[in-house]
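Remarks on the structure that follows.
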Number of protein chains: 2
Amino acid sequence: MSRRTGVPTLEDVARAAGVSRATASRVVNADERVQDATREAVLAAIRDLGYSPNLAARSLVTRRTDTIAVVVPESDERVFNDPFFAGTLRGVTKALALTELQMVLLIGSPGDGDGRLDRYIRGRHTDGAIIVSHHANDNLWRSVAEVSLPTVFLGRPFAEHPGLTFVDVDNVAAAALATRYLVDSGRKRIGTVAGPADMSAGADRLEGWRSVLTEHDLPADAVELGDFTVAGGGDAMTRLLAGHPDLDAVFVASDLMASGAMDAIRASGRAIPRDIAVVGMDNLELATRTLPPLTTVVNPVDEMATQAVAMLLAQLEGGPILEPVTMPTELVVRESA
Amino acid sequence: MSRRTGVPTLEDVARAAGVSRATASRVVNADERVQDATREAVLAAIRDLGYSPNLAARSLVTRRTDTIAVVVPESDERVFNDPFFAGTLRGVTKALALTELQMVLLIGSPGDGDGRLDRYIRGRHTDGAIIVSHHANDNLWRSVAEVSLPTVFLGRPFAEHPGLTFVDVDNVAAAALATRYLVDSGRKRIGTVAGPADMSAGADRLEGWRSVLTEHDLPADAVELGDFTVAGGGDAMTRLLAGHPDLDAVFVASDLMASGAMDAIRASGRAIPRDIAVVGMDNLELATRTLPPLTTVVNPVDEMATQAVAMLLAQLEGGPILEPVTMPTELVVRESA
DNA sequence: TTGAAAGCGCTAACAC
DNA sequence: GTGTTAGCGCTTTCAA
């Protein structure tokens, strides 16, 4: 055992097993061409010494870190309060648990003030990245492109760039699905609480809502933006009702915002769905617990995360950058609309 | 720039700046004794080349990884669904953001079936660890002790061991506080939905509840165990009511379980707090949204996480292992009791 | 099937 | 203040 730190090295293992370091390394890395007897000896030494490879040393020569970054350019508050992110992280964690890869979670404010995320990416400290919740003004896409870091976006990135791939739902279609349901149930004055304009999910869902209203010659002017939080949804709804007291329905671009919006609607003295029908999006567990339970569009975060990891792994194994994947959605009808 | 990978090394920087690798290294590591002009030249080269240190190479020589493990021996499901863990991770993330340390999140089932967590710890792949939600039968404490990995437990570990330190609330006192409040408000037949017996938070809160009842000569036989989930709390409450239909109050060892328990109580046709008073523990945001809002004991996860990180940092900087810290709690009275 | 040896990129001890 | 040099622990040719 190494005299200095007490942590056994491969050298120590080799000596204990009476073989060379190269052979010991082969055993550690499951190389075929090692005689069974030799392998046994080395494995025994590993057990006895409690050997564990020094990852830094390995990384230095293999030029792989065996980690992938999960980048979320949002505040810690949001990341750890919003069930959408919880679902995403759960999905990624689950998918990654089947591999040898370790997840490195990088959280940073949108816009990335001090450039921490950017520097980490440009430093190529991980083998690849999954970028969630991308905003128009953070240049993460540029960074990954410039250093050719294998990356999959979870949610379509705002920028178009050859080689940028992603997995997402068709947010335009999802919002259209929700809005069409409201139209079909006879609602005539349909507003929306949209997501941030600097995120594709925000912009696309707004467009889906608008397209259906236009298609039916209904007014598409009742729009307020929220920030994908409960409070933001409540505030937006309050403004919406103030500006358009005749609303009889609203499509809210996320369940979290819908929860806040429903509180605001009730606070205004209106009944759901009698006076105002509400449809959300995400289908969080929360949607079953609102009053009344929320009709919403499924956002299959778990499957999306699995898909994103699979696409990234394919790239890491040397495959080509796969085409973007769009997951199907569906409407879940409960009692709010 | 290195001809092979396209990633610039310190050697490249040194050459570009016309200095030795050692001097370039000094600039990168903010060593004082470098002439201003030299420093400028090196910094310029770093900028031009887009240099970023190879962490593996640095780690190999410094014998530090600049990462700390946050170990949660629970399923991904629980970690990413339970707001208690979200709060903990948020606190740790926030505290770590002020340092140079990167968090490595290690999630694994209790009991640690395949030993992944254990191996990671024993491999000393991080400079230190914060262990959350420790169970009696996982031997994480033994592993950190055997490899002398600087560690702080978040929540008192089940095992006593010299050198094991932790931050926690006084769970006995917290449960006693809740139970005493119920006694003082005239309740006579007080049950409890306790946490898992293999966790100190479970055992201690049960003991606190029992001590107060015994002290007041009240029966302390109405106990059911839950698993700190909503469903588990509901099931336990249902059993409790079946076995003890005369209950007029219950202390539930977590807000999440309390939420489930309240559903079960309502389902049995009883009113809260008229027929049965309920006190929870944690003071999650959820507690403000139950019907009726939940009276509960504060579990200051954010402050605990901050404290744990501070204690770990002190150890990493070479200080002694600090004494365990117990944070204060308080009762938040809402409408459920 | 095994071993010898080179070298990954960096820091730190030492010399100047 | 700066440069030279050794060496961290590992994988991977290359040769035997």
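Labels below follow one simple rule: chain letters A, B, ... track the order of the sequence lines, proteins then strands, and each chain is numbered from 1. For the numbers below, each heavy atom of this structure counts, side chains included, while hydrogens, waters and symmetry mates do not.
- Separation of atoms OG1 (B:T38) and CG (B:L43) is listed at 10.5 Å; rounding is to 0.5 Å.
- With A:S59 contributing its side chain and A:R64 its backbone, the two residues share a donor-acceptor pair below 3.5 Å.
- A donor-acceptor pair under 3.5 Å links the side-chain atoms of A:D127 to the main chain of A:T65, judged by distance alone.
- Among the atoms of the strands shown, none is found under 4.0 Å from any heavy atom of A:S59.
- Going from atom CG of A:D31 over to atom C1' of D:dT13 covers 13 Å, rounded to whole Å.
- The overall bend of the helix from C:dT1-D:dA16 to C:dC16-D:dG1, read as the angle between its terminal helix axes built from five base pairs each, is 30° when rounded to 10 degrees.
- For B:T99, there are no side chain to side chain donor-acceptor pair (under 3.5 Å) partners, not counting sequence neighbours.
- The interatomic distance linking B:L49 (CG) with C:dG9 (P) rounds to 14 Å, in whole Å.
- Rounded to whole Å, atom C1' of D:dT2 lies 18 Å from atom CZ of B:R15.
- Using a 4.5 Å cut-off on side-chain heavy atoms (C-beta onward), A:I107 and A:F80 make contact.
- No side-chain donor-acceptor contact under 3.5 Å links B:R26 to the backbone of B:D31.
- With a 4.5 Å cut-off on side-chain heavy atoms, B:T306 and B:K94 do not count as touching.
- Taking atom CD on B:E32 and atom P on D:dT2, their separation rounds to 13 Å, with Å as the unit.
- With DNA chain D read from its 5' end, the first of the two nearest nucleotides for B:D36 and B:L60 is the one closest to B:D36.
- Contact check for B:Q102 versus B:D66: no side-chain heavy atoms found under the 4.5 Å cut-off.
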All N/O pairs under 3.5 Å across the protein-nucleotides 10-13 of chain C interface:
{"unit_1": "C:dC10", "atom_1": "OP1", "unit_2": "B:Y51", "atom_2": "OH", "d": "2.4"}
{"unit_1": "C:dC10", "atom_1": "OP1", "unit_2": "B:N54", "atom_2": "N", "d": "3.2"}
{"unit_1": "C:dC10", "atom_1": "OP2", "unit_2": "B:L10", "atom_2": "N", "d": "2.4"}
{"unit_1": "C:dC10", "atom_1": "N4", "unit_2": "B:R21", "atom_2": "NH2", "d": "2.7"}
{"unit_1": "C:dT11", "atom_1": "OP1", "unit_2": "B:N29", "atom_2": "OD1", "d": "3.4"}
{"unit_1": "C:dT11", "atom_1": "OP1", "unit_2": "B:N29", "atom_2": "ND2", "d": "3.1"}
{"unit_1": "C:dT11", "atom_1": "OP1", "unit_2": "B:R58", "atom_2": "NE", "d": "2.9"}
{"unit_1": "C:dT11", "atom_1": "OP1", "unit_2": "B:R58", "atom_2": "NH2", "d": "3.2"}
{"unit_1": "C:dT11", "atom_1": "OP2", "unit_2": "B:S25", "atom_2": "OG", "d": "2.7"}
{"unit_1": "C:dT11", "atom_1": "O4", "unit_2": "B:R21", "atom_2": "NH2", "d": "3.2"}

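- Taking only side-chain nitrogens and oxygens, A:T23 comes nearer than 4.0 Å to OP1 or OP2 of C:dG3.
- Atoms CZ (A:R33) and P (C:dT2) sit 11 Å apart, rounded to a whole Å.
- With a 4.5 Å cut-off on side-chain heavy atoms, A:L312 and A:P150 count as touching.
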